[in-house]
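See below for the structure under consideration.
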Amino acid sequence: MMLAQASISVNKLAEYMESKAARQRKILADRKYPDPEFKLGAYHREAEDAVAKYLCGGAIDPTCLTNQRNSLSQVNTEKVGTARRINSNIDAIDRFSEMLDDIDLLGADVVPGHQNAPPLTYWNVMISVRPEIILRGQGPKGKTFIGAIKLHFSKTHPLTEDAAGYVSAVVQEYCKKSLCNDEELVHAPYCQVIDVGCSKVFKGVKSTSQRMKDIAAECQNIAGLWPSI
């Protein structure tokens, strides 16, 4: 299987922008020629579901985390790959459970993000944003604040401060183009990045203009590289 149109997830794009050439080509190759037995975004599905449920409940009751962990611990499988994935999900839930004091929803109302969220496109490169959590709260002069939280689970490739800043900027752009109506304002503090893999919450960035110019320029580079991958 080969993807004809260049595409990349926002988390992988942030990693790409901080990687050296060999790693960059590996990221693009993995995206262009996906493993048919590996569904993109599904590796940490159980952990993601538990974290999202906890956050959508107002980040109050961790019972959903405990229940999901207990359910996963009872899974028996002879497949090495499946066992590794299940253990990775258990580890992610454990890591997130140690971060609960760091989570701040800033008084916002929280709902799950859309699974089939539209991508952002620059230079014909589609960026899959798909924030897991959408936040809305009271803004000034009758306006409603809106934002979104993006989760990251990889321990192998944790986000740096700069990489998380790019993710936050893209999430804010996504909110402007795909979520906002005339009565809503994107609120940067809502657009946090929660890196479960390294147990860190990155605050939403306020300066996005230059970051989005960097994103667009990198997409232009990806568009040029894609045919040669």
Side-chain angles (χ1 to χ4, degrees), residues 9-15 27 30 34-35 37-117 128-135 147-161 163-168 170-171 174 189-204:
S9 72
V10 62
N11 289 3
K12 278 298 179 185
L13 178 58
E15 179 194 341
I27 290 171
D30 288 346
D35 185 340
E37 296 184 0
F38 179 75
K39 186 178 180 181
L40 191 66
Y43 195 80
H44 290 99
R45 182 182 65 251
E46 291 86 353
E48 179 184 314
D49 289 347
V51 170
K53 188 173 182 178
Y54 171 76
L55 295 175
C56 288
I60 297 171
D61 185 0
T63 301
C64 57
L65 300 171
T66 304
N67 290 343
Q68 186 75 296
R69 190 196 189 285
N70 290 341
S71 178
L72 289 171
S73 66
Q74 295 173 15
V75 173
N76 292 315
T77 178
E78 295 181 355
K79 294 183 177 180
V80 175
T82 301
R84 186 180 296 119
R85 192 184 71 80
I86 293 299
N87 288 333
S88 183
N89 275 266
I90 291 173
D91 179 70
I93 292 173
D94 288 344
R95 285 174 176 270
F96 182 77
S97 297
E98 295 173 356
M99 300 172 61
L100 301 188
D101 289 342
D102 299 327
I103 305 299
D104 186 356
L105 300 178
L106 303 172
D109 295 324
V110 185
V111 297
H114 302 294
Q115 291 297 313
N116 297 316
S128 174
V129 186
R130 205 178 64 82
E132 289 80 5
I133 305 296
I134 308 299
L135 297 86
I149 291 175
K150 188 64 190 170
L151 303 176
H152 185 71
F153 287 95
S154 175
K155 289 197 301 180
T156 307
H157 302 287
L159 295 174
T160 64
E161 194 82 36
Y166 282 119
V167 174
S168 176
V170 172
V171 167
Y174 166 82
Y190 283 175
C191 298
Q192 306 166 55
V193 180
I194 301 178
D195 189 337
V196 178
C198 70
S199 303
K200 189 168 184 178
V201 178
F202 295 95
K203 294 182 179 180

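- Side chains of Leu100 and Leu65 form a contact here, defined as non-hydrogen atoms less than 4.5 Å apart.
- You'll find the side chain of Leu106 stays beyond 4.5 Å of the side chain of Leu135, heavy atoms only.
- Judged by distance alone, the side chain of Glu46 and the main-chain N or O of Gln68 form no donor-acceptor pair under 3.5 Å.
- Judged purely by atom type and a 3.5 angstrom limit, Lys200 has no side-chain atom pairing as donor or acceptor with the backbone of Val193.
- Nearest heavy-atom pair across Pro112 and Cys56 is N-SG, 3.4 Å.
- Contact record, Ser154 with Asp195: O-OD1, 4.3 Å, taken as the closest heavy-atom pair.
- Annotation: side chain of Phe202 is not in contact with side chain of Ser168 (no heavy-atom distance under 4.5 Å).
- One distance of note links CD1 of Ile86 with NZ of Lys79; it measures 12.0 Å at 0.5 Å rounding.
- The shortest distance between side-chain heavy atoms of Phe96 and Leu55 falls below 4.5 Å.
- Pairs of residues two or more places apart, or lying in two chains, that qualify as side chain to side chain donor-acceptor pair (under 3.5 Å) and include a residue from residues 87-114 are His44-Ser88, Arg69-Asp94, Asp91-Arg95, Asp91-Lys155.
- Looking at Tyr54, its side chain does come within 3.5 Å of a backbone N or O of Ala59 through a donor-acceptor pair.
- Of the inter-residue distances, the one linking His152 atom NE2 with Cys198 atom SG reads 7.5 Å to the nearest 0.5 angstrom.
- For the pair Lys150 and Glu132, the minimum side-chain heavy-atom distance is below 4.5 Å.
- Using a 4.0 Å cut-off between charged side-chain N and carboxylate O, Glu48 and Arg45 make no salt bridge.
- Across all their heavy atoms, Ala117 and Tyr174 have their closest contact at CB-OH, 3.2 Å.
- In this structure, the side chains of Ile133 and Pro131 stay at 4.5 Å or more apart for every pair of heavy atoms.
- The distance from the OG atom of Ser199 to the CD1 atom of Ile194 is 11.5 Å, given to the nearest 0.5 Å.
- Residue Ile149 forms a side chain to side chain contact (heavy atoms under 4.5 Å, CB included) with just one option from Val171, Leu105, Val110, and that option is Leu105.
- Taking both residues in full, the closest heavy atoms of Val167 and Ala14 are given as CG2-CB, 3.6 Å, listed atom of the first, atom of the second, then distance.
- Minimum interatomic distance between Asp61 and Cys64 (heavy atoms only, all atoms of both residues): O-SG, 4.0 Å.
- For the atom pair Arg85 CZ and Thr77 OG1, the distance stands at 9.5 Å (nearest 0.5 Å).
- If you check the side chains of Asn11 and Ser9, you find no donor sitting under 3.5 Å from an acceptor.
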